[in-house]
Amino acid sequence: MVVDCSSLTSRARLVAAAKGISHDIVNVDLNNKPDWFFDLNPYGEVPVVLHKGGHVYESLIAAEYLEEAFPEPKLFSDDRMVKAHEKIYYNHWTKKGIPAFYSLLKAGYPDPEQTKRLRDHIGVMEEFLAKLNKPYFHGDSPGFSDYMIWPWFERMPMLKDITEFDLSTSNCPLLQSWVDRMWKDPVVQHCKIDAALMTQHYALYRKGRPDFTIGADGSAAPSQPAVPEALENLDGLREAHTRDRQKQG
Ligand SMILES: N[C@@H](CCC(=O)N[C@@H](CS)C(=O)NCC(=O)O)C(=O)O
């Protein structure tokens, strides 16, 4: 099971789809986090993967868990050096690219400083692809690193709607070709979120909190039906020592 929110494509969902893992999705309204959610992740963040009576949070750790627990098809290369480089690529995007992405989004207009910051980190991703000389960060086909980086590139049209940031004018032809190829990937197609709903979701980002319930009726990602009942009904998943937290208020 993947605990997630309806309006975003998560790394965990992409890996689960790539491996054909049969799973349920429970969407959480992150503006009104249920008590049980903190039993699963003390940070109160999605995604969380539930498997074999345990749960794993932090998107990279959860995705790595799925890669190891469901070895086929392998998304990482067997070659240790290739694998290490894939980690370098998505580590850079995670440490530098994602914060730059959200800083610009938070500005909510074409802020020159934040635009340059994001462009610089996109430039680093472009250089990675240039040195690699392969169509994907994984190599000749999409793999683990591609799915770790993709969710923010799926969000680029939304970023353009809100801040006018245009990837196609960012002088990154290799990355632009990667994006075009990724859009054709069946896994990406399966997980994709309706672009207009995503913009609707993030339009409130600057003012405080995005609307995390958008698309919870299945309209955002119709190919990935979410579990309708609240996880609160699944009491067995709660940790015994926190089971009374709600009652105590
Ligand atoms: N480092 C975390 C970050 C996850 C994260 O920020 N998730 C957002 C989804 S938009 C979230 O759950 N936000 C809830 C909140 O900030 O209250 C990860 O990689 O899993």
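Atoms within each ligand, like the ligands themselves, are counted from 1 in listed order. Every value quoted in this text rests on a predicted model; they were computed, and no experiment measured them.
Protein heavy atom closest to atom 11 (C) of ligand 1, with residue, atom name and distance, is Leu30 CD1, 3.8 Å. Closest to atom 10 (S) of ligand 1 among all protein heavy atoms lies Leu8 CD1, 3.3 Å. Summary of contacts: the protein heavy atom closest to atom 4 (C) of ligand 1 is Val46 O, 3.4 Å. Looking only at protein heavy atoms, the nearest one to atom 16 (O) of ligand 1 is Arg209 NH1, 3.9 Å.
Relative ring orientation between Tyr43 and Tyr57 is described as perpendicular, the plane-to-plane angle rising above 60° on a 0-90° scale split at 30° and 60°.
The main-chain N or O of Leu75 is found under 3.5 Å from a side-chain atom of Glu67 such that the two form a donor-acceptor pair.
Ligand 1 places these atoms under 4.0 Å from at least one heavy atom of Gly44: 14 (C).
Where the criterion is an N or O separation shorter than 3.5 Å, residue side chain and backbone included, Pro47 fails it with respect to ligand 1. The shortest N or O to N or O distance between Ser59 and ligand 1 is below 3.5 Å.
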Take Phe144 and Phe137 through the test ring pair (Phe, Tyr, Trp, His ring centres under 6.0 Å) and record every step on the way to the result.
CA-CA 9 Å; Phe144 198 84; Phe137 289 99; over 10 Å; no
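Here the OH atom belonging to Tyr89 is positioned 14.5 Å from the OG1 atom belonging to Thr94, to the nearest 0.5 angstrom.
Cation-pi geometry between Arg155 and Tyr102 is not met at under 6.0 angstrom from the ring centre and within 45 degrees of the axis. Geometric assessment of Lys83 against the ring of Phe76 yields a positive cation-pi assignment under the 6.0 Å and 45° thresholds.
With distances taken over non-hydrogen atoms, the option nearest atom 17 (O) of ligand 1 out of Glu58, Lys33, Glu45, Arg11 is Lys33.
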